[in-house]
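Scope of the values below: all heavy atoms of this structure, side chains included, with no hydrogens, waters or symmetry mates. Whatever order the structure lists ligands and atoms in, that order sets their numbers, starting from 1.
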Amino acid sequence: MITRRALLAGGVGLGMSAALGITPARAAARRAPLSDLFQLGVASGEPTPDGVVLWTRLAVNPVALDGRGGMPDRPVPVQWQLAADENFRTVVRRGTATARPESAHSVHVELEGLEPGAEYFYRFKAGAELSPAGRTLTAPAPGTRSRALNLSFTSCADYQTGWFTAYRRMAEDQPDLIAFLGDYIYEYGAYDHPVRDQAGGECLDLAGYRLRHAQHKADPDLRLAHAVAPWAVVWDDHDVENAWAGDRPSLARRAAAFQAYYENMPLRRAQKPHGAALRLHRSIRWGRVANLHLLDTRQYRDPYACTGGSGTVGPGCVQRFEPSRTILGQEQETWIDERLRNSRATWDLLGQQVFLMEMDWTNGEGRGYSNEGWDGYVASRDRLTAAIDAYQRNAVVLTGDVHSHWAGEVKRDHQDPESKPVAVELVTTSVTSAGDGMDVYPDTADLLRENPHVTFCNGRRGYVRTRITEREMRVDFRSLPCVTEPGAPARTSGSFVIEPGSPTLNPA
Ligand SMILES: [Fe+2]
């Protein structure tokens, strides 16, 4: 029996082999020279009302320094099954895909014609080996009244900085959908005193990015989070290079990072890179409840205002107000405007990377704004908040990047103290980045006082859990006491309720 509990325990019962008509002894006897092919686990993503993407990548040695996972330089056939039940008694689809060396032996199976709003289970088989089983969901049919969407999201998983316990705690909630908002890997070389040793140096080429992704995917906590629910992913800077923008890094390095990102994520063919271009912005619709619009604030942004690099700029930096400046690029700005205008869902969720709200990060005297967030692209923010306002959308912005939990209200015009809020912003903390942290930093109270539209902060690691219906959105900020030791519990450090028609955070 493969129960959900077994799934959560990371267990793949003997029952799986039996279900395919292979006894463990026979499987062992027929075992090809390759063994432990499924160390990188399984994943699914991009749910639609009739489909989902199933993913796996074969590797017998995830930390092989050439990024090939110890795999031979030849294609390997991979069978897959999709079942309506966790015991794989009712297999509704099956097929064979090919794991090719030029795709780092990854497999993307793009399914269509499935039932809307349904739970499925899937697994792969290569040679005589069975993968662990995964659970996935299709989205509800468009326009239909549906049950709640349980959506969790997080960001920023630096392998060297700690244990991926937040992924495990997120998986234990069994959400319907997991959104990952960037920094799935860090491209850096080895730190002086890492919590965990990573293989390889700084990611500079395809081998380096493939290796880093493989090491992450081999982590049991991350494997579990991928196995329990479909994911919707966007990248941030470290998936490529710290603070990348404009003409940095080189096209070759960008293309390498993009290729490894596609190979290692449960993405559709539409997200396959073409050299140094990958279209990551897209929407995931969840019945009448929500549209999740995934934005890419990295690939098309104008260079940083005033400093030439990312950093904090003072009120004297007027370049950040230039009307022509964009963080999304013109095509994506038009796209999100159309998406919001045509939306019929109760909620429009904007999954993206960097602070949308204005934020004065300088304590006390003076003001300082991050030119890496939307504060560096004020006109771009104005166009987005104008669209949310004009089309009367219930917008909730889901953000990562800053390695602490924040919640607040996005104003139509942050330059005007009387301006009304048009959206709520929920900023998730990191999985590990910044280490154990503190619930309340010494400067937190001052930052909240100087930014009255920001109402909540917690400085631990974790994730955000939401439950979204047509009547309300409930939000729990989940925080872990530490990531330098494995197995920490998660607790709720803040809870809020948001109601349609009122872009404000109410205490739960
Ligand atoms: Fe980060």
Answer yes or no for Arg196 and Phe164: cation-pi contact, defined as NZ/CZ to six-membered ring centre under 6.0 Å and angle to ring axis within 45°. yes
Is there a donor-acceptor contact under 3.5 Å linking the side chains of Ser283 and Arg339? yes
In Asp183, what N, O or S atom is nearest to the Fe ion (ligand 1), if we give its atom name? OD2
Cation-aromatic face contact Arg320/Tyr369, 6.0 Å, 45 degrees: yes
The Fe ion (ligand 1) reached by Tyr186 (N, O or S, under 2.8 Å): yes
Arg298 to Trp235, cation-pi by 6.0 Å centre distance and 45° axis angle: no
Kindly report the SG-the Fe ion (ligand 1)-NE2 angle for Cys156 and His403 respectively, rounded to 10°. 90°
